Asker: 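Below you will find the structure I want to go over with you.
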Amino acid sequence: MNYDPQEIEARWQRNWALSGSFEVEIDSTKPKFYCLEMFPYPSGHMHMGHVRNYSIGDAMARFQRLMGKNVLYPMGYDSFGMPAENAAKKDGGHPHEVTHSNISSIRSDQERMGYSYDWRRFLATSDVEYYRWNQEMFLIMNERGLVERRLAPVNWCTDCDTVLANEQVKNNRCWRCGLEVVQRDMAQWFLRMTEYSDELLDELDHISFPENVKAMQRNWIGRSHGAHINFQISGSDSVIGAFTTRPDTIFGVTFVTLSPEHPLCEEICEGTEWEDGWRELRDECAKMSEFERINLLKEKKGVFLGRMAVNPMNGEEVPIYAGNFVVATYGTGAVMGVPGHDQRDFDFAKAYGLEIRRVLIQREGEDPSSPLKDAFEGYGPMVNSSKDGFDGLSGDVAKSSVIEALESSGSGYGKVEYRLKDWLLSRQRFWGTPIPMVHCDSCGIVPVPRDDLPVRLPLDVVFSEEQSGNPLASHPEFTEVACPSCGGNAKRETDTMDTFFDSSWYFMRFCDAGNDSLPYDRKKVDYWMDGGVDLYIGGIEHAVMHLLYARFFTKFTRDSGLNSVGEPFGRLVCQGMLNAPAPYCEKCNSEYHVDNFGADCPTCDSPLSSRSAKMSKSLGNTVSPEEMVSKYGADTVRLFILFGANPEAGMDWSDSALEANNRQIYSIIDAVQQALSVDGGPSEMDEWLMAKLRKNQTSWTRAMSNVSLREGVMISHFEMLTDWAWYIRRGGCDPITARKLLQVWIPMLAPATPHLAEEFWHNFGADGMLAEHILAAAPDAPDSDSVMAREEYIKELINSGRSLKSLAERHSEGEITRAVIQTAPEWKAEMAREAIRLNLEGFDFKSHGQSHVQSLEVFQEESKRGEVMQTWMALTTGSKKKRGRIHSWSDGEKSLISSGLDETAVIKENSEFISSSLGVGSIEVYRVGHGEDVGGKARISFPLEPGIAFL
RNA sequence: GCAGGGGUACCCGAGUGGUCAAAGGGGCUGGGUUUAGGUCCCAGUGCGUAGUGCUUCGCAGGUUCGAAUCCUGCCCCCUGCACCA
């Protein structure tokens, strides 16, 4: 076959589209499989990371179709967001046009790869057909009390000109542009995601996300159980509320610390000598950059505020400090200081000369007054409690006793605190879903009635670099509106939604993408989403953001009666990084742009080596999918990607490995063509090939089901080929067997290399397209094991013969021309059969083995005793390092022995093959005793391991 | 510091009590096919040895008849979070 991937691939892509092979609807006769990749932001062309993501998804979608599943596999675009808006600002035009031209180019790249999407379900979140349902969802949330507008300190990114959600701030920097964020007080729209904190956390135990993703989400939600404790300010009506997870250390409190931003600070020290100190600390903290904070915070810094607080448990007065280490936004922004049992407080107390009190001991009997070198942060019995009834209590009992006491005195209560915050939804940008709210002078904030939806983004907006702020705000046709409630003059909300809102439910919209009267039909979503998306593939970077928002959203829609399922994703696979070589300086431990290959380090002038690094524009080590596809075809690129590493593992790009995979494709083509043209007759090898086929199909199905694609591809594209080559080498040439093989092998090639497989299927003359074919499960065949073992026997014989021959060559004068093979004598074979039989009966070889051998007839022959014993031990107990053969033989080998395999006959039948494989002119074979004991090899002969002498 | 994942031969990478000197691929070496590259096929790739032996799966111990695999301690790498009370 003249392999022209460009022609073949285009042709089959056309045919699949024409016949609608991948278009699916609800079908109650088949199990469903929903395969989904995190949809892309359309930034132009597809890059290799996308190729990896979608090649994994497509392989799984195609595999599941072969398994008879009804597979939903859609594609769409997360097309709202800043890059398009920025591009419009820079180059003119409207983000809408920029976006749509990008979508068409990435889509054509995807089509060129042959991904089997149901393109009818295409969606782009920036199209009003999609985002109007965002607005509807928002209004439903509002009706359910999940929307809140409130004034709050928010994260502001100056570069992006907008606020950011907590999740979008990494190390105090904007996740998108990397600029440091600043705090601002603004009135913003929030979604009350914290309503679902517990469910979001607890359900993690029941979903199959990778452990690291679960850990990140658990961390993020950060639930801690503890107590809220009120410390009365001495001589004031005000109270400092502090959250602690360690109420059992309440008697160790020797100070209370407020965050410098805490509103009570000012009240406490205003007009006193302490005020200046506090103001200084507060200002310092407020303007601290991230870098400074990391350095400064190593040193705990605090100022006394001049007043005392009362410990509600014992009435003791302790000083109140403001401290730079107290986070304003966590808990209450106030901490009780227990230096004896908290290292941070310990350091603080040391620095400011505060009392360190021991109120827990590590173990019973320890001296309660022994001083502490460091804080003891573990649990232990309470001591030195300045109130009766607590000493001796420890752990949870101690905690709940303290909480009980606090509750009965009204000075505190048990409390669960979360790190998770409500979702800050509003963005001060144009290219997003308009928030459907109206500000009316007389009615206040009024939601847009659902019948008035959608609130459309105007298309007649001119973007320019000079402008700052949201262009919507200066677009009167958009902002001027009649109040839906009173009809008076009102202004539209100009904030738009965070784009994570769009991606929080698109997977449900895909189930019913064309619906123009509802976000989606409940029946359809309940069918496709049952048990969640069956396989969701994407990058780890969304472990917290997207995956948490989507989980929240699904629970909200469930509680609103829109769908049944509460967890959106059944199985999540995060694909690993795609790396490529980059110049690397070991001395500076840094990577440089590929332009530096062969040069010296730009920093230290030492020679650069090479190291694998994440493909990135900045290093220039990217590989263009278009280029690779035009050079080798999509199938080669897909094969390389899937075979290079399992989905979760990182993988290195390698041009030579890509070429090797291309060669592999040629080999497969040759093999398939050969299989289509063999014209011999049946042989013993047919049964073997069929046995291997069954075995391969079974392990392939298992591997693929488990998304172990590398293993799957290895079987379909490598082992199957090796088997075919062996079949031919061993003289197999039966056209009927070959067709039986192809009937199964060709479909197995489809997940990774679908075009090639489809072409084979066509040449094979099968009915219909492979894309719509269902592969029957491999039939059971009980004799497979021994058929394979028999062939394995010959392989092993050749293998050990080869290594022996090289030894023999060193010991023999002349050239080696022949081999004499002595198979094990009947008594050894008989002994092996008996050992296998006894083992099945549960015979205790350790205690009765010795006496059993001695009772055997062969043992009576004195000259043989040593060999008999040796054979018996090798068969049963083995040596220190090697187990007895009855344990190490495979089922197939055991059945060969038990059925009395005639080794001599097998070798004779295959003598020509064996002698040519061993590179000897001839071989002679007989059972030990039936000929001369050449080279004294009789003793070495063992069942399945004949003695071989080279002459 | 906390959490999660890792460390296997020249490289990538499977393997989670015995069938393991350890799959598969890449690279490298040798042979064959090819009267041209290329492709393709076969073999070798820890050391030893006319065969059952020795050493090796981050380091050091331990459990076991037997450990890459289980346990303990340590070192190193990656990822995320981080004065979170």
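Nothing here was measured: the structure is a model prediction, and the numbers come from that model. Just so we're on the same page: letters track the sequence lines, and every chain starts at 1.
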Asker: When rounded to the nearest Å, what value does the distance between P atoms of B/rC81 and B/rC12 take?
Answerer: 28 Å
Asker: May I have the distance from A/R223 (atom CZ) to B/rA85 (atom P), rounded to whole angstrom?
Answerer: 14 Å
Asker: Can A/T636 and A/N661 be counted as having a side-chain donor-acceptor contact under 3.5 angstrom?
Answerer: no
Asker: What's the CD-C1' distance between A/E796 and B/rU52, to the nearest Å?
Answerer: 14 Å
Asker: Considering only atom P, compute the distance from B/rU39 to B/rC28 and round it to an integer number of Å.
Answerer: 11 Å
Asker: So, do A/P312 and A/N230 sit near enough that their side-chain heavy atoms are less than 4.5 Å apart?
Answerer: no
Asker: So do A/L572 and A/S208 actually touch side chain to side chain, heavy atoms under 4.5 Å?
Answerer: no
Asker: How would you summarise protein contacts on nucleotides 40-51 of chain B per nucleotide, using B for base, S for sugar-phosphate only and - for none, with heavy-atom distances below 4.0 Å?
Answerer: S-SS-----BBB
Asker: Would you kindly compare A/T244 and A/M216 by the position of their nearest RNA chain B nucleotide and give the one closer to the 5′ end?
Answerer: A/M216
Asker: Using a 4.5 Å cut-off on heavy atoms from C-beta on, say whether the side chain of A/R710 contacts that of A/L642.
Answerer: no
Asker: Take atom C1' in B/rG58 and the same atom in B/rC75, then report the distance between them in whole Å.
Answerer: 8 Å
Asker: Take the angle between the ring planes of A/Y352 and A/F348 and call it parallel below 30°, perpendicular above 60°, tilted in between.
Answerer: tilted
Asker: Mind checking the P distance from B/rG18 to B/rU33? Whole angstroms is fine.
Answerer: 44 Å
Asker: Is it true that A/R885 and A/E945 have a side-chain N and a carboxylate O under 4.0 angstrom from each other?
Answerer: yes
Asker: Taking the basic N atoms (NZ, or NE/NH1/NH2) and the acidic carboxylate oxygens, is any pair closer than 4.0 Å for A/R218 and A/D205?
Answerer: yes
Asker: Which value, in whole Å, describes the distance between the C1' atoms of nucleotides B/rC41 and B/rA9?
Answerer: 26 Å
Asker: Return the orientation label for the A/W726 and A/F913 ring planes: parallel under 30°, perpendicular over 60°, tilted otherwise.
Answerer: perpendicular
Asker: Tell me which nucleotide among B/rG24, B/rA85, B/rC83 gets nearest to the side chain of A/M714.
Answerer: B/rG24
Asker: What is the separation between atom CG on A/N662 and atom C1' on B/rU39, rounded to the nearest whole Å?
Answerer: 10 Å
Asker: Could you measure between the two P atoms, the one in B/rG48 and the one in B/rC54, and give it in whole Å?
Answerer: 16 Å
Asker: Could you tell me the separation between the CZ atom of A/F325 and the P atom of B/rC84, rounded to a whole number of Å?
Answerer: 10 Å
Asker: Within this structure, what is the OH-to-C1' distance between A/Y330 and B/rC81, rounded to whole angstrom?
Answerer: 13 Å
Asker: Can you find a side chain N or O atom of A/T257 that sits less than 4.0 Å from OP1 or OP2 on B/rA85?
Answerer: no
Asker: Have a look at A/T329 and say if it touches a base, only the backbone sugar-phosphate, or nothing, with a 4.0 Å heavy-atom cut-off.
Answerer: nothing
Asker: Under a 3.5 Å cut-off for both distances, is B/rU52 Watson-Crick or wobble paired, and to whom?
Answerer: none
Asker: Would you tabulate the nitrogen or oxygen pairs shorter than 3.5 Å linking the protein to nucleotides 1-7 of chain B?
Answerer:
| unit_1 | atom_1 | unit_2 | atom_2 | d |
| --- | --- | --- | --- | --- |
| B/rG4 | O2' | A/N212 | N | 3.3 |

Asker: Under a 4.0 Å N-O cut-off, is there an ion pair linking A/K415 with A/E417?
Answerer: yes
Asker: If we take the P atom in both B/rG44 and B/rU64, what is their distance in whole Å?
Answerer: 40 Å
Asker: Which way is the base of B/rG73 turned, syn or anti, if we draw the line at 90° from 0?
Answerer: anti
Asker: For B/rU79, which nucleotide is its Watson-Crick or G-U wobble mate, given both distances must be under 3.5 Å?
Answerer: B/rA3
Asker: Between B/rC81, B/rA85, B/rU52, which nucleotide has the shortest distance from any of its atoms to the side chain of A/R419?
Answerer: B/rC81
Asker: With sequence neighbours excluded, give me every salt bridge (Lys or Arg N to Asp or Glu O under 4.0 Å) pair touching residues 712-728 of chain A.
Answerer: A/K692-A/D723
Asker: Protein-nucleotides 9-14 of chain B N/O pairs closer than 3.5 Å?
Answerer:
| unit_1 | atom_1 | unit_2 | atom_2 | d |
| --- | --- | --- | --- | --- |
| B/rG13 | O2' | A/R710 | NH2 | 3.4 |

Asker: Partner of B/rU64 by Watson-Crick or G-U wobble geometry, both contacts under 3.5 Å, or none?
Answerer: none
Asker: Using atom CG of A/D342 as one end and atom C1' of B/rC84 as the other, report the distance to the nearest whole Å.
Answerer: 11 Å
Asker: Considering only the P atoms, how many Å lie between B/rC42 and B/rC47, rounded to the nearest integer?
Answerer: 24 Å
Asker: With sequence neighbours left out, write down each residue that passes ring-ring contact (aromatic ring centres under 6.0 Å, His included) with A/F640, or none if nothing qualifies.
Answerer: A/W653
Asker: Which atom pairs, one a donor and one an acceptor, fall under 3.5 Å between side chains of residues 933-941 of chain A and the rest of the protein, sequence neighbours left out?
Answerer:
| unit_1 | atom_1 | unit_2 | atom_2 | d |
| --- | --- | --- | --- | --- |
| A/D933 | OD1 | A/Q822 | NE2 | 3.0 |
| A/D933 | OD1 | A/K937 | N | 3.0 |
| A/D933 | OD1 | A/A938 | N | 3.1 |
| A/R939 | NH2 | A/Q870 | OE1 | 3.2 |
| A/S941 | OG | A/A938 | O | 2.7 |

Asker: Please determine whether the number of non-hydrogen atoms from other residues, nucleotides or ligands lying under 6.0 Å from atom CZ of A/R223 exceeds 12.
Answerer: yes
Asker: Starting at CE of A/M720 and ending at C1' of B/rG24, how long is that distance when rounded to a whole Å?
Answerer: 16 Å
Asker: Is any side-chain N of the basic residue among A/R730 and A/E791 closer than 4.0 Å to the acidic one's carboxylate O?
Answerer: yes
Asker: Rounded to whole angstroms, how far apart are CD1 on A/I665 and C1' on B/rU39?
Answerer: 14 Å
Asker: Searching all strands shown, indicate the nucleotide that pairs with B/rC28 (Watson-Crick or G-U wobble; both distances under 3.5 Å).
Answerer: B/rG44
Asker: Start at the 5' end of RNA chain B and walk down; is the nucleotide closest to A/T332 or to A/V169 reached first?
Answerer: A/V169
